[in-house]
Protein chains: 4
Amino acid sequence: MSREEKKNEIFRAASQVFFSKGFEKTKIEDIAKQAGIGKGTVYEYFESKLQLFEETIAFYHQNVINSLCEALARWENIGDKIKAYAQFMTEIISNHIHLFELMADSRVMAREMGAVILESNIRMGDVLLEAVTEAISKGELRPDLEPRLITSTILGTVTQYCSLKIMFSEPETQKIDYDRLVDAVMRGVGAEAISNQTS
Amino acid sequence: MSREEKKNEIFRAASQVFFSKGFEKTKIEDIAKQAGIGKGTVYEYFESKLQLFEETIAFYHQNVINSLCEALARWENIGDKIKAYAQFMTEIISNHIHLFELMADSRVMAREMGAVILESNIRMGDVLLEAVTEAISKGELRPDLEPRLITSTILGTVTQYCSLKIMFSEPETQKIDYDRLVDAVMRGVGAEAISNQTS
Amino acid sequence: MSREEKKNEIFRAASQVFFSKGFEKTKIEDIAKQAGIGKGTVYEYFESKLQLFEETIAFYHQNVINSLCEALARWENIGDKIKAYAQFMTEIISNHIHLFELMADSRVMAREMGAVILESNIRMGDVLLEAVTEAISKGELRPDLEPRLITSTILGTVTQYCSLKIMFSEPETQKIDYDRLVDAVMRGVGAEAISNQTS
Amino acid sequence: MSREEKKNEIFRAASQVFFSKGFEKTKIEDIAKQAGIGKGTVYEYFESKLQLFEETIAFYHQNVINSLCEALARWENIGDKIKAYAQFMTEIISNHIHLFELMADSRVMAREMGAVILESNIRMGDVLLEAVTEAISKGELRPDLEPRLITSTILGTVTQYCSLKIMFSEPETQKIDYDRLVDAVMRGVGAEAISNQTS
DNA sequence: CATGAATGAGCCTTCATTCAT
DNA sequence: GATGAATGAAGGCTCATTCAT
């Protein structure tokens, strides 16, 4: 196994543990065990716990971004892209919810790592920004709004709504109506939106 | 000073320190110093560091919610309420940004406490939900959308956009166009929104 | 209440707590509460926790010695005095056993305070020594043995046997045959003792 | 050095320190220093200070019991066994007295650990009980007395007398007349004992 | 006098990091 | 390279003692 592959092994183990316990509560030994290696070996690949954490988060973000790009590339028009993004977020949040539930008392840690997801959002914003800019030029999105504002509307709405649905709904009622979600973003929540509809 | 007032004193100090350093990096001694009392005194009022943290966060949330309720109560129609909410969020985020900047290496800790703001969002959602429900019945908002979805759109968009503006803009360009923000939420980001406009 | 009476109040409270918890596990506050006074008040009467402990132990020893003297004075010949002493010890040990049982985890503390009883023994030895010396001169005890040795035989046997009986017997079988105990001490445990018996 | 050997090393160091300072006044660091290792290393071998203490005491008791068994096994008749036991106790008490004297203010701690010796006594009782039972069946000891009572007489007398001699005598006069000690136990302290003697 | 809120020295314990094997 | 035994810095928490009321 090459050095790079080994690092990835450790990243995978570290993601698991960091996400379920948070930075401080995670012991290097936990990660080593999870990766099936010795404690000292971790230090052959990473300078310190903090560096490992930073790189693990970066690795995580990169994975997320790559997956998102793939997911968006499959669709042509912006509505479909938004829907794809919402489905993607649902999956990510669900994965982490699962991790959190493993922990009985994950209050503090959930907080800490929850914020990593926030960070992801910022980065996803950059990916979406491209799609948004393109959609504006194609006449799919309002040209009179700052592209960043449109991106924020999409991102914010999706994150907020999906989190809510997953975290606070009973498992069987977690069905999210993605079409309506896209509709709310595209046509707005104001009453005029439907009074003016052509169809 | 009554016991309750003293606890509030400690809450204020604890908020400061917890928000700038995060839970784990905060030493009880730090909080005591900030409050101008001895280390042992903290333990006269709180069982443990964790309990102090939990109660401090609850205290913080309560303050936020109270302020938000006041801010919303000053306005009649939903557009103004959204604008008020956006201005309120701007202020909160600015305050925390300020705290983070005090710390040299606040990356990790910022993550942790950033999530507390997320938690606030969930709670703010409940406050907004009332306003939204009322606005729907007054015909200001679309009745065909789940109220929770509308709330998420407002909350998510505002949080995302304001965070972005404050965190990544140069100070002098932090001007946020609140009216446009409200417009994006109310009329949507899709191109139809403006093609159908009456004026 | 005079200063001396108040000190005695505190001694009584302190005995209770010290005997059930040991020196280190006892908090001044425990004693204050037990005595029905404030923590600070204890310091009006005693310099420090250690001093309070030393004086409490001395107070305890004095009480024991006084009671023992009274118990012994009631009897004329040495056999009866030994029996009286054995009954006295049974009572003391029972009292302390009771205290220990109040505590869930009294292992360590029992050790510590158990030794105070040992100390009592040394002092009781001095009281018994007088009775022994007198009994020797009255021809009741062997004149060819060092009085201290006789005292040790009485004290040691009684303490050991009574402790055993009380600590490790089922409550209902705690009956101690005091006459046989005295007999063992007076006539010895060797087989000759009975082969030579006159009766 | 094997794990078990290392634990024994720590036991030896811990015995030293616990016996001279008592449980509470002993710092883990003291033990580590005495054992020539780091503070954290102690925790590689023992869960907590309390566990280390309990196991150290058990280790001590085991050693004492083993040595006692060896000492008793060397002799045939019960008189010699009692003498051997008395010499054994003298040695143990002398060792601990030495430790106590190292400490200027060992009053409190001496108490605490002195009680460990008491505990030893209880265990030694079980060992002696065997020898006593055997001696009864061989006709060396009175069959009309409860074996436990005989054991208590031996144990109690020896412990009490030897402690007294060692603790309160000037070093040069510590000579203990073991034969007379055995005689007191075997023939009793009553005057009849000698009036009935055959010789 | 009596009180108990305030204090901070002190210690157990954890765990990132090192390094001999 | 890989390992895990050894280390000691660091921090939460306790409680004897003080002192303002």
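None of the values given here were measured: they were computed from a predicted structure. Chain letters run A, B, ... following the sequence lines, proteins first and then strands; every chain starts at 1. Both backbone and side-chain heavy atoms feed into the values below; hydrogens, waters and symmetry mates do not.
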Below 4.0 angstrom, N of the basic side chain to O of the carboxylate: do C/K6 and C/E9 qualify?
no

Check the orientation of C/F19 and C/Y60. Use parallel for under 30°, tilted for 30 to 60°, and perpendicular for over 60°.
tilted

5' priority, DNA chain E, between B/V42 and C/G36 [closest heavy atom]
C/G36

Quick one: OG1 on D/T56 to CZ on D/R12, what's the gap to the nearest 0.5 Å?
11.5 Å

In whole Å, I'd like the distance from the [atom1] atom of [X] to the [atom2] atom of [N].
| X | N | atom1 | atom2 | answer |
| --- | --- | --- | --- | --- |
| A/D30 | F/dG4 | CG | P | 15 Å |
| D/L52 | E/dC11 | CG | P | 16 Å |
| B/R3 | E/dA5 | CZ | P | 8 Å |
| D/K21 | E/dG10 | NZ | P | 13 Å |
| B/Q51 | F/dC13 | CD | C1' | 14 Å |

Counterpart residues, side chain to side chain donor-acceptor pair (under 3.5 Å), relative to B/N66 (two or more places apart)
B/Q62

Consider the side chain of C/T41, meaning its heavy atoms from C-beta on, and name the nucleotide among E/dT3, F/dA6, F/dT3 that approaches it most closely.
E/dT3

Honestly, is A/K49 close enough over A/F23, meaning NZ or CZ under 6.0 Å from the six-membered ring centre and within 45° of the axis?
yes

Using heavy atoms to find the nearest nucleotide of DNA chain F for A/Y45 and D/I37 separately, return the residue whose nucleotide is more 5′.
A/Y45

Its dot-bracket string being built from Watson-Crick and G-U pairs below 3.5 Å, with | for another strand and [ ] for crossing, DNA chain F has the pattern .||||||||||||||||||||

Kindly write out the residues that satisfy salt bridge (Lys or Arg N to Asp or Glu O under 4.0 Å) with C/K7, not counting sequence neighbours, or none if the list is empty.
C/E55

According to side chain to side chain contact (heavy atoms under 4.5 Å, CB included), who are the partners of B/S48, at least two apart in sequence or on a separate chain?
B/L50, B/Q51

Under 4.0 Å, heavy atoms only, any strand: does C/K6 hit a base, just the sugar-phosphate, or nothing?
sugar-phosphate

Would you say the ring centers of A/F46 and A/F11 fall short of 6.0 Å from each other?
yes

Using a 4.0 Å heavy-atom cut-off, write out nucleotides 14-21 of chain E from 5' to 3' as B (base contacted by protein), S (sugar-phosphate only) or - (no contact).
BSSBB---

Compile the donor-acceptor pairs under 3.5 Å between side chains in residues 27-44 of chain A and protein atoms, sequence neighbours left out, one pair per line.
residue: A/D30; atom: OD2; partner: A/K21; partner atom: NZ; Å: 3.2
residue: A/D30; atom: OD2; partner: A/K27; partner atom: N; Å: 3.0
residue: A/T41; atom: OG1; partner: A/G38; partner atom: O; Å: 3.4

